Amino acid sequence: MRGRLIEDRIGFDRRHLWHPYTSMEDPLPVYPVASAAGVRIVLEDGRELIDGMSSWWAAIHGYNHPVLNQAVRDQLEDMAHVMFGGLTHGPAVDLASLLVEIAPSGLEKVFFCDSGSVAVEVAIKMALQYWQSMKHGERQKLLTIRCGYHGDTLGAMSVCDPETGMHHLFRSILPQHYFAKAPRCGFDGSLDEDALSDLSRLLQEHGREIAAVILEPIVQGAGGMRFYPPLYLRRVRELTHEHDTLLILDEIATGFGRTGKLFASEWANISPDILCLGKALTGGYMTMAATLTTSRVAEVISSGDPGVFMHGPTFMANPLACSVALASTRLLLSSPWKERVAAIQEHLTRDLSKCLDFPHVADVRVLGAIGVVELHRPVALARIQKRFVERGVWIRPFGRLVYTMPPYLILAQDLQHLTAAMVETIREEGA
Ligand SMILES: *Cc1c(COP(=O)(O)O)cnc(C)c1O
(Lines give C-alpha, C1' and ligand atoms only; values in the text may rest on other atoms or scores of the structure.)
Protein backbone atom coordinates (compact mmCIF):
# COMPACT_ATOMS: atom_id res chain seq x y z
CA MET A 1 0.00 0.00 0.00
CA ARG A 2 2.07 2.90 -1.26
CA GLY A 3 1.38 6.39 -2.66
CA ARG A 4 -2.02 7.04 -4.22
CA LEU A 5 -2.78 3.38 -3.95
CA ILE A 6 -3.39 3.82 -0.23
CA GLU A 7 -6.31 6.16 -0.89
CA ASP A 8 -7.70 3.78 -3.53
CA ARG A 9 -7.45 0.87 -1.19
CA ILE A 10 -9.12 2.68 1.69
CA GLY A 11 -11.94 3.62 -0.69
CA PHE A 12 -12.33 0.05 -1.87
CA ASP A 13 -12.22 -1.16 1.72
CA ARG A 14 -15.03 1.24 2.64
CA ARG A 15 -17.19 0.14 -0.26
CA HIS A 16 -16.57 -3.60 -0.31
CA LEU A 17 -15.07 -4.95 2.90
CA TRP A 18 -16.91 -5.88 6.04
CA HIS A 19 -15.03 -5.24 9.26
CA PRO A 20 -16.06 -6.78 12.59
CA TYR A 21 -19.51 -5.60 13.70
CA THR A 22 -19.74 -2.71 11.27
CA SER A 23 -22.14 -1.19 8.83
CA MET A 24 -21.44 -1.45 5.11
CA GLU A 25 -23.31 1.83 4.57
CA ASP A 26 -21.67 3.91 7.25
CA PRO A 27 -18.53 2.12 8.38
CA LEU A 28 -16.30 3.56 11.07
CA PRO A 29 -12.90 4.73 9.82
CA VAL A 30 -10.14 2.13 9.58
CA TYR A 31 -6.41 2.78 9.85
CA PRO A 32 -4.21 1.13 7.21
CA VAL A 33 -1.29 -0.80 8.70
CA ALA A 34 2.01 -1.21 6.85
CA SER A 35 3.73 -3.52 9.32
CA ALA A 36 4.02 -4.43 12.96
CA ALA A 37 7.00 -5.42 15.10
CA GLY A 38 7.37 -5.99 18.81
CA VAL A 39 4.67 -3.95 20.54
CA ARG A 40 4.43 -1.45 17.68
CA ILE A 41 1.90 -1.23 14.88
CA VAL A 42 3.22 0.92 12.01
CA LEU A 43 0.60 2.78 9.99
CA GLU A 44 0.97 3.48 6.27
CA ASP A 45 1.51 7.16 7.03
CA GLY A 46 4.51 6.25 9.17
CA ARG A 47 2.92 6.77 12.57
CA GLU A 48 3.76 4.14 15.16
CA LEU A 49 1.23 2.94 17.69
CA ILE A 50 2.01 1.11 20.91
CA ASP A 51 -0.25 -1.92 20.92
CA GLY A 52 -2.60 -2.18 23.88
CA MET A 53 -4.82 -4.94 22.48
CA SER A 54 -2.56 -7.85 21.47
CA SER A 55 -4.92 -8.05 18.49
CA TRP A 56 -7.75 -9.26 20.75
CA TRP A 57 -5.84 -11.34 23.31
CA ALA A 58 -3.80 -13.15 20.67
CA ALA A 59 -0.38 -11.53 20.07
CA ILE A 60 1.07 -12.22 23.52
CA HIS A 61 4.68 -12.00 22.25
CA GLY A 62 4.04 -8.92 20.12
CA TYR A 63 4.42 -8.91 16.33
CA ASN A 64 7.03 -10.16 13.92
CA HIS A 65 8.76 -12.23 16.56
CA PRO A 66 11.97 -13.84 15.22
CA VAL A 67 11.29 -17.20 16.90
CA LEU A 68 7.75 -17.44 15.60
CA ASN A 69 8.75 -16.21 12.15
CA GLN A 70 11.41 -18.91 12.00
CA ALA A 71 8.90 -21.60 13.03
CA VAL A 72 6.61 -20.63 10.14
CA ARG A 73 9.51 -20.49 7.68
CA ASP A 74 10.84 -23.88 8.73
CA GLN A 75 7.42 -25.46 8.50
CA LEU A 76 6.82 -23.90 5.10
CA GLU A 77 9.90 -25.74 3.81
CA ASP A 78 8.30 -29.06 4.80
CA MET A 79 4.64 -28.43 3.97
CA ALA A 80 2.04 -25.73 4.45
CA HIS A 81 -0.82 -28.16 4.80
CA VAL A 82 -1.97 -31.72 4.41
CA MET A 83 -5.39 -33.11 5.24
CA PHE A 84 -5.74 -34.64 8.71
CA GLY A 85 -8.04 -37.43 7.62
CA GLY A 86 -5.82 -40.53 7.46
CA LEU A 87 -2.61 -38.51 7.84
CA THR A 88 -0.72 -37.05 10.77
CA HIS A 89 2.43 -34.99 11.29
CA GLY A 90 5.01 -33.86 13.82
CA PRO A 91 3.64 -30.36 14.44
CA ALA A 92 0.19 -31.70 15.42
CA VAL A 93 1.55 -34.48 17.62
CA ASP A 94 4.14 -32.31 19.37
CA LEU A 95 1.66 -29.50 19.99
CA ALA A 96 -1.02 -31.86 21.32
CA SER A 97 1.54 -33.49 23.58
CA LEU A 98 2.60 -30.11 25.00
CA LEU A 99 -1.01 -29.00 25.51
CA VAL A 100 -1.90 -32.20 27.36
CA GLU A 101 1.15 -31.65 29.57
CA ILE A 102 0.33 -28.05 30.54
CA ALA A 103 -3.49 -28.08 30.52
CA PRO A 104 -5.46 -28.62 33.74
CA SER A 105 -5.20 -32.25 34.80
CA GLY A 106 -7.25 -34.95 33.14
CA LEU A 107 -7.60 -33.27 29.76
CA GLU A 108 -5.90 -35.79 27.54
CA LYS A 109 -7.72 -35.83 24.21
CA VAL A 110 -7.18 -32.99 21.75
CA PHE A 111 -9.33 -31.82 18.85
CA PHE A 112 -7.77 -29.10 16.65
CA CYS A 113 -10.06 -26.75 14.75
CA ASP A 114 -10.17 -23.42 12.98
CA SER A 115 -11.18 -20.72 15.41
CA GLY A 116 -12.47 -20.06 18.89
CA SER A 117 -16.10 -20.16 17.84
CA VAL A 118 -15.59 -23.53 16.19
CA ALA A 119 -13.81 -24.83 19.31
CA VAL A 120 -16.97 -23.92 21.25
CA GLU A 121 -19.18 -25.67 18.66
CA VAL A 122 -16.95 -28.72 19.01
CA ALA A 123 -17.21 -28.59 22.80
CA ILE A 124 -21.01 -28.40 22.64
CA LYS A 125 -21.18 -31.29 20.18
CA MET A 126 -18.89 -33.35 22.41
CA ALA A 127 -21.21 -32.79 25.37
CA LEU A 128 -24.30 -33.71 23.31
CA GLN A 129 -22.69 -36.81 21.83
CA TYR A 130 -21.49 -37.85 25.26
CA TRP A 131 -25.03 -37.91 26.64
CA GLN A 132 -26.40 -39.60 23.55
CA SER A 133 -23.85 -42.37 24.00
CA MET A 134 -24.84 -42.56 27.66
CA LYS A 135 -28.43 -43.20 26.51
CA HIS A 136 -29.45 -39.82 27.89
CA GLY A 137 -30.30 -38.11 24.63
CA GLU A 138 -32.78 -35.95 26.55
CA ARG A 139 -29.84 -33.92 27.82
CA GLN A 140 -29.74 -31.30 25.08
CA LYS A 141 -29.69 -28.03 26.96
CA LEU A 142 -26.78 -25.93 28.09
CA LEU A 143 -26.61 -23.83 31.22
CA THR A 144 -24.48 -20.72 31.34
CA ILE A 145 -24.29 -17.36 33.09
CA ARG A 146 -25.26 -13.97 31.77
CA CYS A 147 -22.68 -11.53 30.38
CA GLY A 148 -20.76 -14.35 28.70
CA TYR A 149 -19.21 -14.41 25.26
CA HIS A 150 -18.38 -17.62 23.41
CA GLY A 151 -18.17 -16.69 19.74
CA ASP A 152 -20.24 -15.72 16.74
CA THR A 153 -21.39 -18.99 15.17
CA LEU A 154 -24.92 -20.11 15.95
CA GLY A 155 -24.17 -22.67 18.64
CA ALA A 156 -21.66 -20.40 20.36
CA MET A 157 -23.96 -17.40 20.03
CA SER A 158 -26.78 -19.31 21.73
CA VAL A 159 -24.77 -19.23 24.98
CA CYS A 160 -23.59 -15.61 24.67
CA ASP A 161 -25.37 -13.05 26.82
CA PRO A 162 -28.90 -12.80 25.36
CA GLU A 163 -28.82 -8.99 25.26
CA THR A 164 -25.31 -8.12 24.13
CA GLY A 165 -25.42 -11.22 21.93
CA MET A 166 -28.60 -9.87 20.30
CA HIS A 167 -30.50 -13.12 20.57
CA HIS A 168 -33.71 -11.46 19.43
CA LEU A 169 -32.26 -11.10 15.92
CA PHE A 170 -31.82 -14.84 15.56
CA ARG A 171 -34.50 -16.13 17.90
CA SER A 172 -36.18 -18.40 15.38
CA ILE A 173 -33.08 -20.51 14.77
CA LEU A 174 -31.11 -20.17 18.00
CA PRO A 175 -31.42 -23.10 20.38
CA GLN A 176 -32.85 -21.90 23.70
CA HIS A 177 -30.64 -22.53 26.71
CA TYR A 178 -30.68 -21.66 30.42
CA PHE A 179 -29.08 -18.51 31.80
CA ALA A 180 -28.21 -17.97 35.43
CA LYS A 181 -27.44 -14.60 36.97
CA ALA A 182 -23.88 -13.49 36.38
CA PRO A 183 -21.84 -13.37 39.59
CA ARG A 184 -21.25 -9.88 40.93
CA CYS A 185 -18.27 -8.27 39.25
CA GLY A 186 -14.96 -8.35 41.15
CA PHE A 187 -12.12 -10.84 41.41
CA ASP A 188 -11.49 -10.17 45.10
CA GLY A 189 -15.10 -9.95 46.12
CA SER A 190 -16.88 -12.40 48.36
CA LEU A 191 -18.88 -15.27 46.90
CA ASP A 192 -22.11 -14.03 45.32
CA GLU A 193 -24.46 -16.48 47.03
CA ASP A 194 -27.43 -15.08 45.19
CA ALA A 195 -25.95 -15.72 41.73
CA LEU A 196 -24.74 -19.15 42.82
CA SER A 197 -28.12 -20.15 44.15
CA ASP A 198 -29.72 -19.06 40.87
CA LEU A 199 -27.41 -21.44 39.02
CA SER A 200 -28.02 -24.12 41.60
CA ARG A 201 -31.79 -23.70 41.26
CA LEU A 202 -31.61 -24.09 37.46
CA LEU A 203 -29.60 -27.27 37.91
CA GLN A 204 -32.13 -28.49 40.46
CA GLU A 205 -35.09 -27.79 38.20
CA HIS A 206 -33.64 -28.74 34.82
CA GLY A 207 -30.58 -30.85 35.64
CA ARG A 208 -31.86 -33.84 33.72
CA GLU A 209 -32.05 -31.83 30.50
CA ILE A 210 -28.68 -30.19 30.91
CA ALA A 211 -25.81 -31.59 28.88
CA ALA A 212 -23.23 -29.16 30.21
CA VAL A 213 -22.58 -25.96 32.05
CA ILE A 214 -20.44 -23.66 29.93
CA LEU A 215 -18.65 -20.54 31.09
CA GLU A 216 -15.52 -18.45 30.87
CA PRO A 217 -13.39 -19.00 33.97
CA ILE A 218 -12.72 -15.90 36.15
CA VAL A 219 -12.81 -13.33 33.34
CA GLN A 220 -15.85 -12.78 31.14
CA GLY A 221 -14.39 -11.12 28.06
CA ALA A 222 -16.37 -9.57 25.22
CA GLY A 223 -19.62 -9.90 27.20
CA GLY A 224 -18.54 -7.08 29.52
CA MET A 225 -14.93 -7.56 30.69
CA ARG A 226 -16.15 -8.74 34.08
CA PHE A 227 -14.13 -10.63 36.68
CA TYR A 228 -15.49 -12.98 39.34
CA PRO A 229 -13.87 -14.72 42.31
CA PRO A 230 -12.30 -18.21 42.08
CA LEU A 231 -14.60 -19.52 44.80
CA TYR A 232 -17.60 -19.09 42.49
CA LEU A 233 -15.88 -21.26 39.88
CA ARG A 234 -15.04 -23.89 42.50
CA ARG A 235 -18.67 -24.03 43.54
CA VAL A 236 -19.84 -24.37 39.94
CA ARG A 237 -17.49 -27.32 39.53
CA GLU A 238 -18.93 -28.91 42.69
CA LEU A 239 -22.49 -28.33 41.49
CA THR A 240 -21.81 -29.92 38.10
CA HIS A 241 -20.46 -32.97 39.93
CA GLU A 242 -23.47 -33.07 42.26
CA HIS A 243 -25.88 -32.91 39.34
CA ASP A 244 -23.79 -35.24 37.24
CA THR A 245 -23.41 -32.87 34.32
CA LEU A 246 -20.38 -31.79 32.32
CA LEU A 247 -18.42 -28.56 32.72
CA ILE A 248 -17.08 -26.78 29.64
CA LEU A 249 -14.58 -24.00 30.31
CA ASP A 250 -13.96 -21.50 27.55
CA GLU A 251 -10.37 -20.31 28.07
CA ILE A 252 -10.09 -18.87 24.57
CA ALA A 253 -9.38 -15.41 26.01
CA THR A 254 -7.95 -16.31 29.42
CA GLY A 255 -5.55 -19.09 28.42
CA PHE A 256 -1.77 -18.79 28.12
CA GLY A 257 -1.05 -16.59 31.10
CA ARG A 258 -3.28 -13.57 30.59
CA THR A 259 -4.85 -13.62 34.07
CA GLY A 260 -1.60 -14.34 35.90
CA LYS A 261 -2.07 -18.13 35.83
CA LEU A 262 -1.27 -20.22 32.78
CA PHE A 263 -4.98 -21.09 32.67
CA ALA A 264 -7.60 -19.14 34.62
CA SER A 265 -9.13 -22.36 35.98
CA GLU A 266 -5.94 -22.71 38.05
CA TRP A 267 -7.19 -19.85 40.25
CA ALA A 268 -9.89 -22.22 41.44
CA ASN A 269 -7.72 -25.30 41.23
CA ILE A 270 -10.24 -27.16 39.13
CA SER A 271 -10.34 -29.02 35.84
CA PRO A 272 -13.28 -28.97 33.45
CA ASP A 273 -14.50 -31.96 31.43
CA ILE A 274 -14.01 -29.99 28.23
CA LEU A 275 -11.68 -27.04 27.62
CA CYS A 276 -11.62 -24.58 24.71
CA LEU A 277 -8.39 -22.83 23.72
CA GLY A 278 -7.75 -20.32 20.94
CA LYS A 279 -6.60 -16.74 20.46
CA ALA A 280 -3.09 -16.74 22.05
CA LEU A 281 -2.62 -20.41 21.10
CA THR A 282 -0.68 -19.41 17.96
CA GLY A 283 0.78 -16.26 19.51
CA GLY A 284 -1.56 -14.31 17.23
CA TYR A 285 0.03 -15.59 14.03
CA MET A 286 -2.91 -17.40 12.50
CA THR A 287 -6.26 -18.78 13.31
CA MET A 288 -6.38 -22.07 15.17
CA ALA A 289 -8.11 -23.40 18.26
CA ALA A 290 -8.28 -26.60 20.25
CA THR A 291 -10.91 -28.41 22.28
CA LEU A 292 -9.51 -30.74 24.92
CA THR A 293 -11.44 -33.33 26.85
CA THR A 294 -10.99 -36.18 29.30
CA SER A 295 -10.40 -39.83 28.47
CA ARG A 296 -13.77 -40.56 30.01
CA VAL A 297 -15.73 -38.23 27.69
CA ALA A 298 -13.75 -39.45 24.67
CA GLU A 299 -14.33 -43.12 25.56
CA VAL A 300 -18.04 -42.66 26.01
CA ILE A 301 -18.42 -40.81 22.70
CA SER A 302 -16.39 -43.48 20.94
CA SER A 303 -18.36 -46.36 22.45
CA GLY A 304 -21.77 -45.05 21.41
CA ASP A 305 -23.51 -44.79 18.09
CA PRO A 306 -22.01 -43.87 15.54
CA GLY A 307 -18.83 -44.53 17.55
CA VAL A 308 -17.01 -41.53 16.13
CA PHE A 309 -16.96 -37.85 16.98
CA MET A 310 -18.86 -36.08 14.22
CA HIS A 311 -16.62 -33.17 13.30
CA GLY A 312 -13.66 -32.76 10.94
CA PRO A 313 -12.68 -29.40 9.50
CA THR A 314 -10.85 -29.20 6.15
CA PHE A 315 -7.92 -27.37 7.70
CA MET A 316 -7.86 -29.43 10.90
CA ALA A 317 -4.43 -29.34 12.59
CA ASN A 318 -2.96 -27.14 9.85
CA PRO A 319 0.81 -27.71 10.09
CA LEU A 320 1.76 -24.03 9.80
CA ALA A 321 -0.61 -23.14 12.62
CA CYS A 322 0.50 -26.09 14.77
CA SER A 323 4.17 -25.21 14.29
CA VAL A 324 3.74 -21.61 15.25
CA ALA A 325 1.51 -22.60 18.20
CA LEU A 326 4.17 -25.00 19.40
CA ALA A 327 6.86 -22.32 19.08
CA SER A 328 4.67 -19.72 20.78
CA THR A 329 3.78 -21.96 23.71
CA ARG A 330 7.39 -23.04 24.21
CA LEU A 331 8.51 -19.42 24.02
CA LEU A 332 5.93 -18.49 26.64
CA LEU A 333 6.92 -21.30 28.99
CA SER A 334 10.60 -20.45 28.71
CA SER A 335 9.99 -16.74 29.32
CA PRO A 336 9.50 -15.04 32.70
CA TRP A 337 5.83 -14.56 31.77
CA LYS A 338 4.59 -14.70 35.35
CA GLU A 339 6.84 -11.87 36.45
CA ARG A 340 5.98 -9.89 33.33
CA VAL A 341 2.25 -10.29 33.82
CA ALA A 342 2.59 -9.42 37.52
CA ALA A 343 4.55 -6.28 36.61
CA ILE A 344 1.89 -5.26 34.08
CA GLN A 345 -0.82 -5.86 36.69
CA GLU A 346 0.98 -3.63 39.18
CA HIS A 347 1.47 -0.88 36.62
CA LEU A 348 -2.12 -1.02 35.32
CA THR A 349 -3.49 -0.99 38.87
CA ARG A 350 -1.44 2.03 39.82
CA ASP A 351 -2.04 4.09 36.67
CA LEU A 352 -5.59 3.25 35.64
CA SER A 353 -6.90 3.82 39.14
CA LYS A 354 -6.37 7.55 38.45
CA CYS A 355 -9.52 7.26 36.33
CA LEU A 356 -11.54 6.60 39.48
CA ASP A 357 -11.36 10.35 40.16
CA PHE A 358 -13.42 11.08 37.04
CA PRO A 359 -17.16 11.31 37.66
CA HIS A 360 -17.94 9.69 34.29
CA VAL A 361 -15.99 6.55 35.24
CA ALA A 362 -17.98 3.78 36.93
CA ASP A 363 -15.26 1.26 37.70
CA VAL A 364 -11.60 0.40 37.18
CA ARG A 365 -10.52 -3.23 37.44
CA VAL A 366 -7.30 -5.05 36.75
CA LEU A 367 -6.39 -8.72 36.75
CA GLY A 368 -3.10 -10.02 35.37
CA ALA A 369 -2.32 -8.23 32.12
CA ILE A 370 -5.91 -7.01 31.69
CA GLY A 371 -6.92 -3.46 32.59
CA VAL A 372 -10.52 -2.27 32.28
CA VAL A 373 -12.00 1.20 32.71
CA GLU A 374 -15.79 1.10 32.69
CA LEU A 375 -17.58 4.36 31.95
CA HIS A 376 -21.16 5.28 32.76
CA ARG A 377 -21.96 5.84 29.10
CA PRO A 378 -20.84 4.30 25.80
CA VAL A 379 -17.92 6.10 24.14
CA ALA A 380 -18.12 7.69 20.69
CA LEU A 381 -15.88 5.13 19.08
CA ALA A 382 -14.66 7.02 15.98
CA ARG A 383 -13.71 10.07 18.02
CA ILE A 384 -12.00 8.30 20.89
CA GLN A 385 -10.20 5.99 18.46
CA LYS A 386 -8.80 9.02 16.66
CA ARG A 387 -7.57 10.51 19.92
CA PHE A 388 -5.80 7.28 20.85
CA VAL A 389 -4.08 7.13 17.46
CA GLU A 390 -3.02 10.77 17.80
CA ARG A 391 -1.50 9.85 21.16
CA GLY A 392 0.42 6.99 19.57
CA VAL A 393 -1.41 4.03 21.07
CA TRP A 394 -3.74 1.33 19.79
CA ILE A 395 -6.72 0.91 22.11
CA ARG A 396 -10.05 -0.30 20.78
CA PRO A 397 -12.91 0.37 23.21
CA PHE A 398 -16.37 -1.12 22.94
CA GLY A 399 -19.54 0.24 24.46
CA ARG A 400 -18.77 1.65 27.91
CA LEU A 401 -15.47 -0.18 28.15
CA VAL A 402 -12.00 1.17 27.51
CA TYR A 403 -9.61 -1.67 28.17
CA THR A 404 -6.15 -2.95 27.48
CA MET A 405 -4.39 -6.30 27.35
CA PRO A 406 -0.90 -5.57 26.03
CA PRO A 407 1.68 -8.10 24.83
CA TYR A 408 3.53 -9.52 27.85
CA LEU A 409 6.94 -8.28 26.72
CA ILE A 410 5.91 -4.61 26.67
CA LEU A 411 8.60 -2.46 28.28
CA ALA A 412 7.81 -0.26 31.28
CA GLN A 413 8.24 2.97 29.32
CA ASP A 414 5.86 1.84 26.56
CA LEU A 415 3.33 0.71 29.13
CA GLN A 416 3.71 4.10 30.79
CA HIS A 417 2.97 5.82 27.47
CA LEU A 418 -0.02 3.52 26.93
CA THR A 419 -1.67 4.09 30.31
CA ALA A 420 -0.95 7.83 30.27
CA ALA A 421 -2.73 8.02 26.90
CA MET A 422 -5.64 6.02 28.32
CA VAL A 423 -6.02 8.20 31.39
CA GLU A 424 -5.77 11.43 29.37
CA THR A 425 -8.19 10.30 26.68
CA ILE A 426 -10.68 9.00 29.23
CA ARG A 427 -10.41 12.30 31.12
CA GLU A 428 -11.37 14.14 27.90
CA GLU A 429 -14.41 11.91 27.48
CA GLY A 430 -15.89 13.57 30.55
CA ALA A 431 -15.38 17.10 29.24
C1 LIG B 1 -12.85 -14.58 21.09
C2 LIG B 1 -13.58 -15.58 21.88
C3 LIG B 1 -14.27 -16.64 21.26
C4 LIG B 1 -14.40 -16.77 19.77
O5 LIG B 1 -13.18 -16.96 19.13
P6 LIG B 1 -13.03 -16.63 17.56
O7 LIG B 1 -11.66 -17.10 17.23
O8 LIG B 1 -13.23 -15.17 17.40
O9 LIG B 1 -14.08 -17.43 16.85
C10 LIG B 1 -14.91 -17.56 22.07
N11 LIG B 1 -14.85 -17.46 23.41
C12 LIG B 1 -14.18 -16.48 24.04
C13 LIG B 1 -14.14 -16.44 25.53
C14 LIG B 1 -13.54 -15.50 23.29
O15 LIG B 1 -12.90 -14.49 23.93
Side-chain angles (χ1 to χ4, degrees), residues 1-66 68-69 72-73 76 80 114-117 152 166 222 279 282-287 320-321 324 375 377-407 410-411 413-415 417-429 431:
M1 290 230 262
R2 291 287 176 268
R4 246 203 84 214
L5 255 179
I6 296 173
E7 296 312 314
D8 291 349
R9 286 215 170 110
I10 292 176
F12 188 92
D13 183 294
R14 255 188 106 72
R15 289 189 305 276
H16 296 280
L17 264 176
W18 292 105
H19 284 263
Y21 306 100
T22 48
S23 157
M24 201 76 255
E25 284 299 309
D26 183 26
L28 290 170
V30 291
Y31 296 84
V33 176
S35 64
V39 301
R40 280 182 170 67
I41 295 171
V42 183
L43 299 183
E44 284 285 0
D45 62 13
R47 285 185 289 177
E48 290 191 4
L49 310 179
I50 296 171
D51 176 36
M53 302 308 287
S54 300
S55 286
W56 280 336
W57 314 86
I60 52 175
H61 309 294
Y63 304 90
N64 219 336
H65 195 288
L68 304 190
N69 288 1
V72 177
R73 254 186 240 116
L76 201 49
D114 318 63
S115 72
S117 301
D152 289 350
M166 304 248 162
K279 291 203 163 108
T282 63
Y285 265 55
M286 52 192 98
T287 179
L320 283 173
V324 76
L375 279 60
R377 277 171 224 257
V379 298
L381 187 52
R383 186 189 63 204
I384 198 171
Q385 187 81 87
K386 187 158 175 283
R387 296 299 289 139
F388 280 130
V389 170
E390 285 162 1
R391 291 202 159 98
V393 301
W394 183 244
I395 296 284
R396 178 80 176 167
F398 73 86
R400 297 184 291 117
L401 301 165
V402 182
Y403 64 107
T404 182
M405 51 248 184
I410 191 167
L411 296 174
Q413 70 207 52
D414 287 338
L415 190 55
H417 184 138
L418 189 72
T419 50
M422 283 177 78
V423 172
E424 231 1 77
T425 307
I426 291 167
R427 183 202 306 279
E428 282 171 8
E429 276 293 296

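All values derive from a computational prediction rather than experimental measurement. As a basis for the values below, the full set of heavy atoms in this structure was taken, side chains included, without hydrogen atoms, waters or symmetry mates.
- Other residues, nucleotides and ligands contribute only 12 or fewer heavy atoms inside 6.0 Å of the CZ atom of R377.
- Summarising the geometry, atom CD belonging to E48 is positioned 8.0 Å from atom OG belonging to S35; distances are rounded to the nearest 0.5 Å.
- Closest heavy-atom contact between G62 and P407: N-CB, 3.7 Å.
- Looking only at side-chain heavy atoms (C-beta outward), P20 and F398 stay at 4.5 Å or farther from each other.
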### Task
Start with the C-alpha gap between L28 and Q385, add the side-chain angles, then the distance that decides, and say whether side-chain contact (heavy atoms from CB on, under 4.5 Å) holds.
CA-CA 10 Å; L28 290 170; Q385 187 81 87; over 6 Å; no

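- Rounded to the nearest 0.5 angstrom, Y31 OH and I41 CD1 are separated by 12.5 Å.
- The stretch residues 22-34 participates, sequence neighbours left out, in no salt bridge (charged side-chain N to carboxylate O under 4.0 Å, His left out) pair at all.
- In this structure, I60 CD1 and I410 CD1 are separated by 14.5 Å, a value rounded to the nearest 0.5 Å.
- Nearest heavy atoms, L415 versus P406: CD1-CG, 4.1 Å.
- The shortest distance between side-chain heavy atoms of V33 and V42 does not fall below 4.5 Å.
- Under the salt bridge (Lys or Arg N to Asp or Glu O under 4.0 Å) criterion, D414 pairs with R40, not counting sequence neighbours.
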### Task
Determine, step by step, whether I426 and V379 satisfy the side-chain contact (heavy atoms from CB on, under 4.5 Å) criterion, reporting the C-alpha distance in whole Å, the side-chain angles of both residues, the deciding distance to 0.1 Å, and the verdict.
CA-CA 9 Å; I426 291 167; V379 298; over 6 Å; no

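- Interatomic distance, NZ of K279 versus CE of M405, reported as 7.5 Å (0.5 Å rounding).
- Within the 3.5 Å criterion, the main-chain N or O of A59 finds no donor-acceptor partner in the side chain of S55.
- A distance-only check finds no donor-acceptor pair linking the side chain of T282 to the backbone of A321 [under 3.5 Å].
- V389 has its side chain within reach of W394: a pair of non-hydrogen atoms, C-beta onward, lies under 4.5 Å apart.
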#### Entry: CA sep, side-chain torsions, deciding dist, call: V402, M422, side-chain contact (heavy atoms from CB on, under 4.5 Å)
CA-CA 8 Å; V402 182; M422 283 177 78; 4.1 Å; yes

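- Between Y403 and M53 the shortest side-chain heavy-atom distance falls below 4.5 Å.
- With a 4.5 Å cut-off on side-chain heavy atoms, T419 and T404 do not count as touching.
- From L49, atom CG reaches atom CD of E390 across 11.0 Å, with rounding to the nearest 0.5 Å.
- Smallest separation of non-hydrogen atoms from V30 and P32: O-CD, 3.7 Å.
- One side chain, Y285 or N69, offers a donor N or O that lies under 3.5 Å from an acceptor on the other.
- Remark: L17 CG to R9 CZ distance equals 11.5 Å, nearest 0.5 Å.
- Proximity of I395 to L418: side-chain heavy atoms (C-beta onward) are separated by under 4.5 Å at one or more points.
- Counting heavy atoms from C-beta outward, R396 and L381 have side chains that approach closer than 4.5 Å.
- In this structure, S54 and Y63 approach most closely via the heavy-atom pair C-OH, 3.8 Å.
- In this structure E424 satisfies the salt bridge (Lys or Arg N to Asp or Glu O under 4.0 Å) test together with R427, sequence neighbours excluded.
- Distance alone, capped at 3.5 Å, is enough to place a donor-acceptor pair between the H417 side chain and the R391 backbone.
- Partners of F12 under the ring pair (Phe, Tyr, Trp, His ring centres under 6.0 Å) rule, at least two apart in sequence or in another chain, are H16.
- For the residue pair N64 and A37, the shortest heavy atom distance occurs at CB-CA, 3.9 Å.
- Sorted by first and then second residue, the salt bridge (charged side-chain N to carboxylate O under 4.0 Å, His left out) pairs with a member in residues 11-21 form an empty list; sequence neighbours excluded.
- M24 CE: more than 12 foreign heavy atoms inside a 6.0 Å radius.
- With sequence neighbours excluded, the residues satisfying salt bridge (Lys or Arg N to Asp or Glu O under 4.0 Å) with R383 are E429.
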